[in-house]
Q: 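Got a structure for you, written out below as structure tokens; questions coming shortly.
The analysis underlying the following values was restricted to heavy atoms, covering all of them including side chains, and did not include hydrogens, waters or symmetry mates. No experiment lies behind these values; they were computed from the predicted model shown.
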Amino acid sequence: MAELLRSLQDSQLVARFQRRCGLFPAPDEGPCEDGAAPGLGHLPEATGKGRGGPAHGLRRVTASQAHVQKYIVKNYFYYYLFRFSAALGQEVFYITFLPFTYWNVDSYVSRRLIIIWVLVMYVGQVAKDILKWPRPFSPPVVRLEKRLIAEYGMPSTHAMAATAIPFTILISTVDRYQYPFVWGLIVAVVFSTLVCLSRLYTGMHTVLDVLGGILITMILIVLTYPAWTLIDHLNSASPLFPVCVIVVPFFLCYNYPVSEYYSPTRADTTTILAAGAGMIIGFWINHFFQLVSEPIESFPVIQNIPPLTTDMLVLGLTKFTVGIVLIFLVRQLVQNLSLQVLYSWFKVVTRNKEARRRLEIEVPYKFVTYTSVGICATTFVPMLHRFLGLL
């Protein structure tokens, strides 16, 4: 078993997958063959985001440091497929997909999805900084992403989110809507598989990282599923419920495991917990003040999925656009105000961008900002939709 785990954590396995998919390091970055020598060190600055178009299949990746990594793409189908798939596990997807689901699809399903997503992502983020397993070594691996290099690798939170989101939707809708379960299962498996393989293609995780993320997520879903209904009903349990929703996540963020060097993990975790807390508070506000009518837990009969019409598509995109614009405005306003207050309180120069990384500044401003975003998304945006006649 130990030998199997070591083989699954081998960077050469990731490198061989990249070569099979047509991704090679440029000659000056190391050998391109499968038999390349194993990496001798962990080089955090060795990747970056591709810029510009391809020139004879060569893409230049500029990093913030002096080191510049180059790589050769010989199969652009896999390149664009896995770059797109990787984006399905990043912040831009969460910011767009989760609100869209709440505003346009089914807020009952969305509530469950948000709660499970927050739980899974928190466990994954904390596990990274407790285990402190390195990402694949480069060389032999080609790294295509720059921002996440400072984070540890095990488990892959992309794999966790890509497993949690489709399978939570599948479980929550199978007794609610009428559709072929097999097709729903196929979509969930394909979505999860593409995102998981993208983590190998981009060189950000070992096979063991990905499998570990999938396994942890499946265990969390199985353990929490019996309590999903209870958790969903907590938003109407007590007037003191919002206090707990604020205090507990903030405590977890402020007491996040200390890393030997700065990484965006703590900031990302604070963003996730704060957004989740804000959305849950929004659910409570809607119920307590009866601002938005929430769908019932179960329909009298299983509903057919309505056909997608042009009017429905236009309405959904309009609601989404209005909501995203309001969220962006709230995010910018609250972020600027919270930073100004914290800079003044701790007597920090406003132009000092490094100050944002200090615990006493980073956690409060992130938490306040994204809690406000969550409340806005679940309470004020639906109110605006009703005011504009979009409901």
Side-chain angles (χ1 to χ4, degrees), residues 5-25 39 42-44 46-50 59 61 69 71 73 75 77-94 97 117 120-121 123-129 131-167 188-218 220 263-265 268-269 272:
L5 295 178
R6 279 193 294 270
S7 65
L8 293 176
Q9 198 180 12
D10 188 4
S11 298
Q12 285 289 351
L13 190 59
V14 179
R16 286 197 292 270
F17 177 78
Q18 291 181 321
R19 308 303 181 262
R20 289 292 180 90
C21 294
L23 181 65
F24 296 84
H42 198 200
L43 305 176
T47 67
K49 181 179 180 182
R59 286 181 175 268
V61 185
Q69 183 175 25
Y71 55 89
V73 178
N75 189 317
F77 172 76
Y78 286 129
Y79 179 82
Y80 289 114
L81 173 66
F82 288 129
R83 292 308 293 264
F84 173 77
S85 300
L88 297 178
Q90 294 174 353
E91 182 181 4
V92 63
F93 175 75
Y94 306 140
F97 178 76
W117 171 71
V120 164
M121 292 298 290
V123 171
Q125 294 286 81
V126 171
K128 283 185 178 182
D129 282 330
L131 295 175
K132 297 185 177 181
W133 289 11
R135 292 185 182 272
F137 293 109
S138 176
V141 170
V142 178
R143 297 204 188 114
L144 301 185
E145 296 179 5
K146 168 187 168 185
R147 177 180 177 271
L148 301 176
I149 293 176
E151 294 183 3
Y152 294 105
M154 177 67 175
S156 168
T157 48
H158 276 71
M160 296 181 73
T163 304
I165 289 175
F167 283 96
V189 170
V190 169
F191 180 93
S192 180
T193 301
L194 284 175
V195 176
C196 290
L197 290 178
S198 75
R199 306 319 292 155
L200 303 180
Y201 183 86
T202 55
M204 302 309 295
H205 286 286
T206 64
V207 175
L208 187 60
D209 296 341
V210 172
L211 294 178
I214 296 173
L215 179 61
I216 293 172
T217 302
M218 298 307 292
L220 288 173
S263 77
T265 314
D268 291 344
T269 305
I272 293 166

Q: If I compare all heavy atoms of S156 with all of R199, which pair ends up nearest, and what's the gap?
A: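 Reported closest heavy-atom pair: OG-CG, 3.8 Å.
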
Q: To the nearest 0.5 Å, tell me how far M160 CE sits from D209 CG.
A: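 Result: 12.0 Å between the selected atoms.
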
Q: Any chance you could measure F82, atom CZ, to T202, atom OG1, to the nearest 0.5 Å?
A: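 Answer rounded to 0.5 Å: 10.0 Å.
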
Q: Does this structure show an ion pair linking R135 with E145, if we count only N-O contacts that are shorter than 4.0 Å?
A: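 Here R135 does not pair with E145 in a salt bridge, since their nearest N and O are not under 4.0 Å apart.
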
Q: Which heavy-atom pair separates N75 from C21 by the least distance, and what is that distance?
A: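 Minimum heavy-atom separation between N75 and C21: CB-O, 3.4 Å.
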
Q: Among residues at least two apart in sequence or on other chains, which ones pass side chain to side chain contact (heavy atoms under 4.5 Å, CB included) with L211?
A: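 With neighbours one apart ignored, the set is L8, V207.
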
Q: Roughly how far apart are L194 CG and L81 CG, rounded to 0.5 Å?
A: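 It is 5.5 Å, given to the nearest 0.5 Å.
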
Q: Could you grab the distance from atom NE2 of H205 to atom CG of L200, nearest 0.5 Å is fine?
A: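 That separation rounds to 9.0 Å.
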
Q: Could you measure the distance from the CE atom of M218 to the CZ atom of F167? Nearest 0.5 Å is fine.
A: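 Interatomic distance, M218 CE to F167 CZ, rounded to 0.5 Å: 5.5 Å.
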
Q: Report the distance from atom OG1 of T163 to atom CD1 of I216, rounding to the nearest 0.5 Å.
A: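 Going from the OG1 atom of T163 to the CD1 atom of I216 covers 10.5 Å.
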
Q: Checking Q18 side chain against Y201 main chain: does a donor-acceptor pair fall under 3.5 Å?
A: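 Yes, because the side chain of Q18 sits within donor-acceptor range (under 3.5 Å) of the backbone of Y201.
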
Q: For the residue pair T157 and K128, what are the closest heavy atoms and their distance?
A: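 In this case the closest contact between T157 and K128 is OG1-NZ, 3.3 Å.
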
Q: What are the two closest non-hydrogen atoms of A159 and V210, and how far apart are they?
A: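 Heavy atoms of A159 and V210 come nearest at CB-O, 3.8 Å.
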
Q: Any side-chain heavy atom of D10 within less than 4.5 Å of one from T206?
A: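 Counting from C-beta outward, D10 and T206 never come under 4.5 Å.
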
Q: Between T265 and D268, do the side chains contain an N or O donor and an N or O acceptor separated by less than 3.5 Å?
A: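 Not at all, the side chains of T265 and D268 share no donor-acceptor pair under 3.5 Å.
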
Q: For a 4.5 angstrom cut-off between non-hydrogen side-chain atoms, does I214 reach C196?
A: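 Side chain of I214 against side chain of C196, heavy atoms only: contact under 4.5 Å found.
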
Q: What are the two closest non-hydrogen atoms of P136 and S11, and how far apart are they?
A: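 Nearest heavy atoms, P136 then S11: CA-OG, 3.5 Å.
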
Q: Return the minimal non-hydrogen interatomic distance between A162 and S192, and the atom names on each side.
A: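 What the structure gives for the nearest pair is O-CB, 3.4 Å.
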
Q: Please tell me if the side chains of V142 and F24 come closer than 4.5 Å, counting only heavy atoms from C-beta onward.
A: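 They are not in contact (no side-chain heavy atoms under 4.5 Å apart), so the answer is no.
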
Q: Could you pull out all residues at least two apart from V126 that satisfy side chain to side chain contact (heavy atoms under 4.5 Å, CB included)?
A: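 Partners of V126 under the side chain to side chain contact (heavy atoms under 4.5 Å, CB included) test: Y122, I130, Y256, P257.
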
Q: Sequence neighbours excluded, which residues qualify as side chain to side chain contact (heavy atoms under 4.5 Å, CB included) partners of F84?
A: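 F84 satisfies side chain to side chain contact (heavy atoms under 4.5 Å, CB included) with L88 once adjacent residues are dropped.
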
Q: Hey, are the side chains of R83 and L144 touching, using non-hydrogen atoms and a 4.5 Å cut-off?
A: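 R83 reaches L144 side chain to side chain.
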
